[in-house]
Amino acid sequence: MTTGWEAAVEAQIRSAQERGEFDNLPGAGKPIPGRDMPYDEGWWIRSFMERERIPSDLLLPTPLQLRRRIEQLPAELRDLPTEDAVRSYVAALNTEVVAWLRTPTGPRVVVRPVNVDDAVRRWRADRERAAPAVTAPEPPRAAPARPRRRWRWWRR
């Protein structure tokens, strides 16, 4: 026994099938992915994060995110062009750390602000290591000998 709205839905599905709107859908004729795997309650969030390329770090609580950012700080600072940029980046990170310390949420994890001068010192050392060794310029080479030009009879 179908009700009025079920009949209307069935009619719309039938007309869409007749128009061919269900033909050539992605995944048609292929097995359902993960069918032979054990059930996982978080399958939908994992597939969403893979599909949208969302980093898994965003699921961490705030103190763990801050700890991870502090651990990855030298790699992030390496690409900054100036010392002022390094100082402002570290200052912004320290602002976030201090804001969390004022109203801590999540698990109790030790998070301390980063020493700006130490970060700048490490940034300078990394840049000096990465800079190519300066060598003396090569002496200029003599210009290659130009082949002799033959004069044609019409140029005489």
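On a predicted model such as this, the values are computed, not experimentally measured, just so you know.
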With sequence neighbours left out, the residues meeting side-chain contact (heavy atoms from CB on, under 4.5 Å) with Leu58 are Ile54, Pro55

Partners passing side chain to side chain donor-acceptor pair (under 3.5 Å) against Arg69 (at least two apart in sequence or in another chain):
Glu96

Can you name the nearest heavy-atom pair linking Gln65 to Leu59, along with the distance?
NE2-N, 4.5 Å

Output all residues satisfying salt bridge (charged side-chain N to carboxylate O under 4.0 Å, His left out) with Asp84, sequence neighbours left out; order by chain, then residue number.
none

Show every salt bridge (charged side-chain N to carboxylate O under 4.0 Å, His left out) that has at least one partner inside residues 22-32, sequence neighbours left out.
none

Restricting to pairs with a member in residues 49-66, which pass salt bridge (charged side-chain N to carboxylate O under 4.0 Å, His left out), not counting sequence neighbours?
Asp57-Arg68

For the student: nearest non-hydrogen atoms of Gln17 and Phe22, plus distance
CG-CD1, 3.4 Å

Shortest non-hydrogen contact between Trp100 and Pro107, atoms and distance:
CZ2-O, 4.2 Å

Scan the side chains in residues 108-116 for donor-acceptor partners under 3.5 Å anywhere in the protein, sequence neighbours excluded, and list what turns up.
unit_1, atom_1, unit_2, atom_2, d
Asn115, OD1, Asp117, N, 3.0
Asn115, ND2, Asp118, OD2, 3.4

The criterion is salt bridge (charged side-chain N to carboxylate O under 4.0 Å, His left out); which residues satisfy it with Arg19, sequence neighbours excluded?
Glu21

side-chain contact (heavy atoms from CB on, under 4.5 Å) against Ala85, all qualifying residues, sequence neighbours excluded
Leu80, Pro81, Thr82

Students should find that the hydrophobic cluster of Met37, defined by side-chain heavy atoms under 4.5 Å apart, otherwise consists of none

Candidate pair Arg124 and Glu83, rule side chain to side chain contact (heavy atoms under 4.5 Å, CB included), full reasoning:
CA-CA 8 Å; Arg124 284 183 189 149; Glu83 183 178 324; 2.5 Å; yes

What heavy-atom pair brings Leu77 and Tyr89 nearest, and what distance separates the two atoms?
CD2-CD2, 3.6 Å

Between atom CD of Glu18 and atom CD1 of Ile13, what is the distance when rounded to the nearest 0.5 Å?
12.5 Å

May I ask you to list the residues sharing a hydrophobic cluster with Val98, side-chain cutoff 4.5 Å, ordered by chain and number?
none

For Arg122, what residues pass the side chain to side chain donor-acceptor pair (under 3.5 Å) criterion, not counting sequence neighbours?
none

Applying side chain to side chain donor-acceptor pair (under 3.5 Å), name anything that partners Arg46, two or more places apart in sequence or on another chain.
Asp40

Working note: Arg129 + Asp126, criterion side chain to side chain contact (heavy atoms under 4.5 Å, CB included); need CA distance, chi angles, decisive distance, verdict.
CA-CA 5 Å; Arg129 258 187 264 124; Asp126 286 347; 3.2 Å; yes

ILVMFWY cluster, Ile45 and Leu64 together (side-chain gap under 4.5 Å)
no

